[in-house]
Amino acid sequence: LRQAAALIAEGVSPFEAARTLRAARAAPPGRRQVVAVADAPSGGDVALSWDDGAEYTGLDGQRFLPLDLEDEGEDPFDAAMEAEADGDLEAAARLYAASAQADPRDPIAPFNLGNLQMAEGDADAATLSYHQAIARDPGFAEAYYNLAAAYERSGAAGKAEATLEAALQRDPAYGDALFNLGQLKLAKGANAEASALFEAYLAQNPPDEWAGKARKALRVARADPRPR
């Protein structure tokens, strides 16, 4: 979401941003950075760069890197996105599953499938989908975060806590993970750990509504009910 927001701020449409980030996930090692540029060699406004930024690699006309397993015709991932945008979640789930099966390197399709399964209230199915996304990309912090939510919905608070810690190992500045992990620590009485997490969250200057919730939780963790 953060990468997509940066691309959208550069004038890329939300749909194209999603496609571009999927291409970045499927890129070979060394081509992980997605950038918006006016003079990309491909003539487009989005490209992938090498880690050192020394060379751009343009995407094809659909903003995808060529993948060996892509079939001719409409990509099921694109069809899934369109179905989801149209509100046909059953078709979207079926198409994300097909996309995940067609390209075993792509972590985004099972991740999106897990999100739909969570929205439908099937936390057990979502758990399996998030695990599949993580197996394909062990650095996928957002998949760990959503997996933790699935565990928490299933009543497995201990697994949720460990999974949020795994998300933060991959992205220590992941604000939502800091906040949710702080809530779990506070619920089990680990007040010192909860305090540190809420302090780290507040240091990121979150939106006022969430900052207020974090300050309230921090007061509880410090056993100090006085307003600040």
Side-chain angles (χ1 to χ4, degrees), residues 1-12 14 17-18 20-22 24-25 32-36 49 51 53 107-108 110-112 114-119 121 123 126-127 129-131 133-134 137-228:
L1 289 175
R2 285 172 288 186
Q3 287 178 297
L7 289 174
I8 291 168
E10 295 289 340
V12 178
T20 300
L21 293 174
R22 178 175 178 253
R25 288 283 182 184
R32 294 295 184 186
Q33 184 180 9
V34 182
V35 293
S49 74
D51 287 341
I108 304 299
F111 176 77
N112 286 5
N115 293 342
L116 290 181
Q117 290 163 334
M118 281 288 283
T127 296
S129 295
Y130 293 137
H131 273 296
I134 290 167
D137 183 356
F140 197 169
E142 291 84 356
Y144 283 95
Y145 176 81
N146 286 14
L147 175 59
Y151 279 139
E152 190 171 3
R153 185 174 295 184
S154 299
K159 288 184 177 180
E161 181 180 333
T163 306
L164 285 171
E165 288 172 345
L168 288 168
Q169 287 174 0
R170 286 148 182 84
D171 184 357
Y174 197 162
D176 290 342
L178 288 168
F179 183 91
N180 284 13
L181 183 57
Q183 294 278 47
L184 289 175
K185 296 286 189 183
L186 186 59
K188 75 172 191 178
N191 289 22
E193 294 177 71
S195 294
L197 289 161
F198 287 124
E199 288 169 357
Y201 176 74
L202 288 167
Q204 297 184 2
N205 296 315
D208 290 343
E209 178 185 359
W210 289 99
K213 293 179 179 180
R215 291 189 187 97
K216 182 177 179 180
L218 184 57
R219 289 197 297 271
V220 173
R222 291 172 173 172
D224 180 2
R226 295 172 298 175
R228 292 171 183 258

Closest heavy-atom pair and its distance - [X], [Y]:
{"X": "A143", "Y": "I134", "result": "CB-CG1, 3.6 Å"}
{"X": "G121", "Y": "R153", "result": "CA-NH1, 4.0 Å"}
{"X": "A150", "Y": "T127", "result": "CB-OG1, 3.5 Å"}

Would you give the length of the straight line joining atom [atom1] of [X] to atom [atom2] of [Y], rounded to the nearest 0.5 angstrom?
{"X": "L184", "Y": "L164", "atom1": "CG", "atom2": "CG", "value": "6.0 Å"}
{"X": "L181", "Y": "L186", "atom1": "CG", "atom2": "CG", "value": "11.0 Å"}
{"X": "F111", "Y": "F140", "atom1": "CZ", "atom2": "CZ", "value": "4.5 Å"}
{"X": "L147", "Y": "M118", "atom1": "CG", "atom2": "CE", "value": "9.0 Å"}

Under the side chain to side chain contact (heavy atoms under 4.5 Å, CB included) criterion, do K216 and K213 qualify, and how do the steps go? CA-CA 5 Å; K216 182 177 179 180; K213 293 179 179 180; 5.7 Å; no
Do E142 and Y174 have side chains that get closer than 4.5 Å, going by heavy atoms? yes
Flag, side chain of Y130 to backbone of G114, donor-acceptor distance under 3.5 Å: yes
Do side-chain atoms of R170 reach the backbone of Y144 as a donor and acceptor pair under 3.5 angstrom? no
May I ask you to decide whether K185 forms a salt bridge with E165, counting only side-chain N to carboxylate O separations under 4.0 Å? yes
Please list every donor-acceptor pair under 3.5 Å in which a side-chain atom of residues 194-205 meets a protein atom from a residue at least two apart or in another chain.
residue : atom : partner : partner atom : Å
S195    : OG   : N191    : O            : 2.9
E199    : OE2  : R222    : NH2          : 2.6
Q204    : NE2  : A173    : O            : 2.9

Residue pair N180 / Y145, side-chain donor-acceptor N/O under 3.5 Å: yes
Neighbour count >12 (heavy atoms, 6.0 Å) for atom CD, E152: no
